[in-house]
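Report on one structure; see the data block that follows.
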There are 2 protein chains.
Amino acid sequence: MPDTRLGTPEIYADLQHRLLTGGFAPGAKLMPSALHTEYGCSANTVRDVLLQLSKIGLVEFEIQRGFRARNVSIQKRAEIARFRVLLEQEGAVASMCNGGLEWESALAAAHHRLMHIEKQFARTQDTIPFVGIWSDAELAFHRTLLSECRLPPLQETFDNVYMQFRQQMVGLESNCVPSYFHRIIQEHQAIVDAATAKDEAALRSAIQNHQARHTERDVSATR
Amino acid sequence: MPDTRLGTPEIYADLQHRLLTGGFAPGAKLMPSALHTEYGCSANTVRDVLLQLSKIGLVEFEIQRGFRARNVSIQKRAEIARFRVLLEQEGAVASMCNGGLEWESALAAAHHRLMHIEKQFARTQDTIPFVGIWSDAELAFHRTLLSECRLPPLQETFDNVYMQFRQQMVGLESNCVPSYFHRIIQEHQAIVDAATAKDEAALRSAIQNHQARHTERDVSATR
DNA sequence: ATTTTTCAGAATATCAAAATTTTGAGGGAG
DNA sequence: CTCCCTCAAAATTTTGATATTCTGAAAAAT
C-alpha cells in the first residue's frame, strides 16, 4: 500500500496492524516473495519482520515451510482467553496491593479515556476505523491495570496474549454489534470499582466476567 | 566447535545449549559476523537463528544494535522465579483437577527418572557434563506436572520462563553445591505427594517452596 | 577542563541471486 | 483403480556483497 521507502519498524507496525484488523485471512500464507513488492523492499527484509512477529504469536513459523497468519478457532480463543484471565487476575491483584493513589488515578484516567471512545463508537455507524483506536485504548486500560504488579515477565506475556486474543476475535467475528460495547463499558466499570475498593475477590470476579463469553469450555471440539 | 556443515536446527540447538550452560558471559555481544565462522555458515544464517532465540527470551535483540546474551541479576532472577511459581501453581492445580491416574503415573515416572539422575549426581565430582541431562530431566518433570492443565498458551510460556530462569541460575552461580541437590529432591517429592493427595493448598505451597530461595524481593535494588 | 565535532573502523541491515527443499501434477507399474 | 515414482514449478533458505548505522577515540571549540 505505502509508496514511500519504508524502514523495518514501519513494515513491522503495518504488518502487525493488518494481522490485528483482519487484513489477512486466518491461516493465510505470508510469503516474503509476495509481500516485498507491497513494501518496496527485499524479500529477506520481510522475512526478518515476519520472524519478529512470530515472536509475539501473531504469525506461525515452521521451518522450511514459511509463515502463516495464525489460525483461529473457538477452541483456541477460549484457551487464550482463559490464560489471559489468569494473568490479568494475578497481575491486577498484585497491582492493587502495590499500587497507591497514583495507580488508582491512572486507572481512572485510562478508563475515562476508554469510555469516551466507546461512547463515540456507539453513535457512529462507521465502526471500521474505530476498532483500531478503541483497541489501543482498551490495551492501555488493561496495561494500566497491571502496571504496578512488579512482574515484568507477566506484563510482557500479557501484552502478547492480549494481541493474540484480539487476533482471534477479529478472525472469528467480522462484525461488531453495538450492544456488545454497552456490556463492555459496564465490565470495565466493575473492574475499576473493585480495584478502587481494594476488594480482591470482586476484582477477580470482574476480570473473569469480562471474558466469560469466551472462556467457556467447548466439549464438542476434539482439538 | 563442530567442523561438519551444520543446518539451522543444529545451530539453533547448539547456541541454545551454550546460552543455557554458561557458554556465553551474561550480556555478551553475539555477533553474527563473529559466530558464522564457528558454524561454517554465513552471517545472515546466524542472524536468523538469533532472531528465533530472542523469541524465547534467551537473547536480547535491539534494532540496529544487534544481539546480546541476556543479562542476569538477582532482581531479574527473582522476577522470573515469581512468574514461574505463578504459572506452575495454576498449571499444576489445573492438571491435578483434570488429570487422572495416567497423569499421576506419568508424574511418578518423571520423578523417579529425575531422582535416579540426582543420586548419580551426588556421587560424582565431575558435575559439568551432568547439568545438561539433569536439567532436561527436571524440565521433563515440571512439564509433566503441567501436562494436563489444558492451557497450551500457559505451557508454552512456562517452557520459555523455565529456560530463562535456568539462564539466570547458571549466570549467577557458576558452581553447584551437592547439598543443593538434596534439598531439591525433597522439594520435588513434596510436589508429587501433594499432587497425588489432591491437596491444592499443599501443592501450591510445595511449588512456592521449591523456588523460595529465589523469590525473595530485593528491596535494596532500585531497578 | 569540559563539551562538541569529526572521522575511521567495525557492526548491522539490506539486497539480489544461487542453492536447497517442498509441492503437486502427470505417467507408469502393480 | 490405487500406489509410487519422477519431474518441473514454486517457495524457502542461504550466500556474499553493498549500503547504512553505530562506536569510540582523537581533534577542535567553548
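Since this is a predicted model, take the numbers as computed values, not measurements. The sequence lines fix the lettering, A, B, ..., with proteins before strands; numbering per chain opens at 1.
- Listed by residue number, there are no residues of residues 23-36 of chain B with a heavy-atom contact under 4.0 Å to DNA chain D.
- Following rounding to the nearest Å, A:Arg68 (CZ) and C:dT23 (C1') show an atom-to-atom distance of 12 Å.
- Qualifying ring-ring contact (aromatic ring centres under 6.0 Å, His included) partners for A:His188, counting only residues two or more places apart in sequence or in other chains: A:Phe141, A:His142, A:His210.
- Identified under the side-chain hydrogen bond (donor to acceptor under 3.5 Å, both in side chains) test for residues 62-74 of chain B, with sequence neighbours left out: B:Arg70-B:Gln164.
- One finds a side-chain N or O of A:Thr45 lying less than 4.0 angstrom from the OP1 or OP2 phosphate oxygen of C:dC15.
- For A:Glu156, there are no salt bridge (charged side-chain N to carboxylate O under 4.0 Å, His left out) partners, not counting sequence neighbours.
- Contacts with DNA chain C (heavy atom under 4.0 Å) in residues 57-67 of chain A: A:Gln64, A:Arg65, listed by number.
- Under the salt bridge (charged side-chain N to carboxylate O under 4.0 Å, His left out) criterion, B:Arg166 pairs with no residue at all, not counting sequence neighbours.
- Take A:Arg113 and apply the salt bridge (charged side-chain N to carboxylate O under 4.0 Å, His left out) test, not counting sequence neighbours, and it matches no residue.
- Counting distance only, with no hydrogens placed and no angle test, the side-chain atoms of A:Asn44 and the base atoms of D:dT14 include a donor-acceptor pair under 3.5 Å.
- One atom, CG of B:Leu51, and another, C1' of D:dT14, lie 15 Å apart when rounded to the nearest Å.
- Ion pairing of A:Arg77 with A:Glu216 is absent here, as no side-chain N (NZ or NE/NH1/NH2) approaches a carboxylate O to less than 4.0 Å.
- Between A:Tyr12 atom OH and C:dA13 atom P there is a gap of 15 Å when expressed in whole angstrom units.
- Not counting sequence neighbours, B:Arg82 has no partner by the salt bridge (charged side-chain N to carboxylate O under 4.0 Å, His left out) test.
- Taking the side chain to side chain contact (heavy atoms under 4.5 Å, CB included) definition, one finds that A:Met163 meets it with A:Gln16, A:Leu20, A:Ile56, A:Leu58, sequence neighbours left out.
- The base of D:dT13 is not paired with the side chain of B:Asp48 by any donor and acceptor separated by under 3.5 Å.
- Distance CD (A:Gln52) to C1' (C:dT14): 14 Å, rounded to an integer number of Å.
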